[in-house]
Amino acid sequence: MSTPVGAGIKMDSGERRLNELGYKQELRREMTLFKCLAIAFSTMSLFTGIVPLFGYSFLYAGPAGVVWGWVVVTFFTWFVGFAMAEICSSFPTTGSLYFWAAHLAGPKWGPLASWICAWLETIGLVAGIGTQAYAGTQTLQNIILLSTGTNKNGGYLAPRSVFLAIYIGLCLIWAVLNSFALNLIALIDIVSMWWQVVGGTLIVVLLPLVATSTQSASYVFTKLEISSDATGITSPVYSVLLSWLVSQYSLYGYDAAAHLTEETKNADKNGPLAILSSIGMISVFGWAFILALIFSIQDPAYLYDPTNETAGRFVPAQILYDAFYGRYQSGTGAIILLVVIWGSFFFAGLSITTSAARVVYALSRDGGVPGSRVLRKVDRRVQVPVNAVWFSCAFAIILGLPILKLDVVFTAITSICTIGWVGGYAVPIFARMVIKSENFKRGPFHLGGASRWICLVAFLWICYTCVIFLLPTSYPIKLETFNYAPVALGVVLAAVMGWWMVDARHWFKGPVREIFLGDAIA
């Protein structure tokens, strides 16, 4: 009797579970836990959430609002992370949230749940590319400004057209790099993780030492300062809640590990570990970075002065500049540290592009995107969904075009990104919360009897996060300061749901099985 092909070969546990769920192994499964963690850590990134929103959050409620806001948001983020890790262990697929929602919601509601989740996730990730491109461009703009003489001494502040050109350039570079084999991206993300750990440690330790004076612990941990003259917001509670935005924007993205589970060895174990490890690392390093910035402030009022060295537009850069110039009468050290921060934006944008492309690929594999036949194609030379990569970056570029006319682009893109991305978490978590225990097949990582309570807290926290990003951020509401995220997101979601009602509900069934258990190698 002949020996069957594949007999005696031990199948990867993640691949076996993928076969059970009805999918063939098409992508190259070569990612280790460390590489998967590197990509998740790079997507969350130490600097990319804190740096662009720190100035806004600090203005709302001062140092105590930002410092303790990080602690509160971290606490609730762990609930979301544990809920996600349990589901990831049971469903280690590239479609991640979208696939989870379909299977957990059951045959009746699965198609609608997966449709909503997939589009929320796609919107969030594509907008996420835009947030990194914008913030990276803003950082580079300030590097150039300080390198050419500062705002006080005739330095070059890139105009809108140049700003947009840099924004587009970053998106194109990320698309090109993501068109190569995933091994290259994984290698870059390992560099990224060490870049952020070493660079973050350097800034956290060096900045307070360089500063000629530091703020008192009382100021950092207990000072609440409501700047109603600048924001128009007089309610202390509302101001404190808005000061948490920097933390809520920073502490997500850990699902990047789940997007790569079809390319990760033993993904049913390593995926959850990567999710939780990345949360832990960012929680610690992020709080340390916030403390270093606040302790090193020389003059809080000067940070927002339009005549200062950074034109009052970029508070973290001004803190760095004040510290180094005060000590050495030179801003060179600040420029070097800004380059470190800029590198973090570059790496994060690269990782988010990787995740966005995998979500578009997974959705198109099941026919849920116009042009699915094209977008689902995998380049067999490198085993990467190249068309999905370029599709994602093209839409991120479109999101950035209003830069030429509007001042609130970053606020809108950030809100769209956060609501779409985090909102996508809510669908499978809610479904896991209400599903009967006997209908949920546990993976190696599970929460036992605490699962429903953890999912409930996680779901309520996500709902709160989505609501807060839709609220006005300044008063009185004017065209130039209007948070148009509710309008933009409303239009997109109305179109998506309209498509569902008119057409998609008749043919979209959610994730499509490619193989059945009898086809899989035992």
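Residue numbers start at 1 and run along the sequence shown. As a basis for the values below, the full set of heavy atoms in this structure was taken, side chains included, without hydrogen atoms, waters or symmetry mates.
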Close side-chain approach of P300 and I297, heavy atoms under 4.5 Å: yes
Donor-acceptor pair, side chain of T122 and main chain of W119, under 3.5 angstrom: no
Residue among T353, L177, T354, V176 satisfying side chain to side chain contact (heavy atoms under 4.5 Å, CB included) with V389: T353
Contact summary for T214 and P208, nearest pair of heavy atoms: CG2-O, 3.7 Å
Check: F469 ring centre within less than 6.0 Å of Y249 ring centre: no
Taking every non-hydrogen atom, the tightest pair across S239 and I233: OG-CG2, 3.4 Å
T150 and Y321: side chain donor to acceptor below 3.5 Å: no
Whether F58 and Y304 hold their rings parallel, tilted or perpendicular, with breakpoints at 30° and 60°: parallel
Atom of Y361, atom of A388 and distance for their closest heavy-atom approach: N-CB, 4.0 Å
Residue from W70, F76, F75 passing side chain to side chain contact (heavy atoms under 4.5 Å, CB included) with V72: F76
W461/Y464 aromatic ring centres below 6.0 Å: yes
Contacts of type side-chain hydrogen bond (donor to acceptor under 3.5 Å, both in side chains), residue T465, not counting sequence neighbours: Q248
Aromatic ring proximity, centroids under 6.0 angstrom, F391 and F395: yes
